Amino acid sequence: MCGPGDDGFEGETADLEAGIWVRGVDYLSGWRDAREATAELGEALRLVGLEAAGVRLRVASGADGSGVVRLELSAASAREVAMLARVTAARLGRAG
């Protein structure tokens with residue numbers, strides 16, 4: 001997740017999206033923030049035992065310079081994440 005050679009989820013990728021870059025927008029700061037958030041999310045997913053083969057996290061910057069984290073899941077991993085979210089919601093009293 002944090003770099004080449006690390007064990008874990010399918011690599012972190014930097015998205016350099018096609019588009020117009022605006023002078024004065026700090027895209028790098030947003031990208032760094034997204035990279036930190038990606039590491040946090042990857043660690044949390046590892047802690048709950050999510051199968052790494054079904055997960056891909058990607059780092060990018062939005063058009064406004066904000067950080068963006070893209071989460072790509074296999075169907076099986078998506079079901080597992082949904083179950084984990086439902087369990088967490090029930091524990092927090094937010095099930096509905």
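Quick caveat, the model's predicted, so the values are computed rather than measured.
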**Item:** Residue list, side-chain contact (heavy atoms from CB on, under 4.5 Å) with Glu72, at least two apart or on another chain
**Value:**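 side-chain contact (heavy atoms from CB on, under 4.5 Å) check on Glu72 returns Arg56, Arg58.
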
Distance check, rounded to the nearest 0.5 Å: [X] atom [atom1] versus [Y] atom [atom2]?
{"X": "Leu50", "Y": "Leu41", "atom1": "CG", "atom2": "CG", "result": "9.5 Å"}
{"X": "Ser66", "Y": "Trp31", "atom1": "OG", "atom2": "CH2", "result": "15.0 Å"}
{"X": "Arg35", "Y": "Leu28", "atom1": "CZ", "atom2": "CG", "result": "10.5 Å"}
{"X": "Leu45", "Y": "Leu73", "atom1": "CG", "atom2": "CG", "result": "8.0 Å"}

**Message:** For a quick test of reading the model, state the closest non-hydrogen atom pair linking Val25 to Ala63 and the distance between them.
**Reply:** CG1-O, 4.3 Å

**Request:** Work out which heavy atom in Ala37 is nearest to a heavy atom in Val69; give both atom names and the distance.
**Result:**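 What the structure gives for the nearest pair is CB-CG2, 4.0 Å.
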
**Prompt:** With sequence neighbours left out, what residues match Ser29 under side-chain hydrogen bond (donor to acceptor under 3.5 Å, both in side chains)?
**Reply:**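 Checked Ser29 against side-chain hydrogen bond (donor to acceptor under 3.5 Å, both in side chains); zero matches.
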
**Those residues that, when tested against Ser74, pass side-chain hydrogen bond (donor to acceptor under 3.5 Å, both in side chains) (two or more places apart)** = Ser77

**Request:** Please step through side chain to side chain contact (heavy atoms under 4.5 Å, CB included) for the pair Leu57 and Val59, ending with a clear verdict.
**Result:** CA-CA 7 Å; Leu57 296 172; Val59 178; over 6 Å; no

**Request:** May I ask whether Leu84 and Leu47 are part of the same hydrophobic cluster, defined by side-chain heavy atoms of I, L, V, M, F, W, Y residues being less than 4.5 angstrom apart, directly or through others?
**Result:**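 No: no chain of side-chain contacts under 4.5 Å links Leu84 to Leu47.
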
**Asked** Quick check: does any side chain N or O of Ser61 sit under 3.5 Å from a backbone N or O of Gly30, one acting as donor and the other as acceptor?
**Response**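 Looks like no, no N/O pair under 3.5 Å.
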
**Message:** Would Arg70 and Val68 count as a side chain to side chain contact (heavy atoms under 4.5 Å, CB included) here? Give the steps.
**Reply:** CA-CA 6 Å; Arg70 291 193 172 84; Val68 177; 4.0 Å; yes

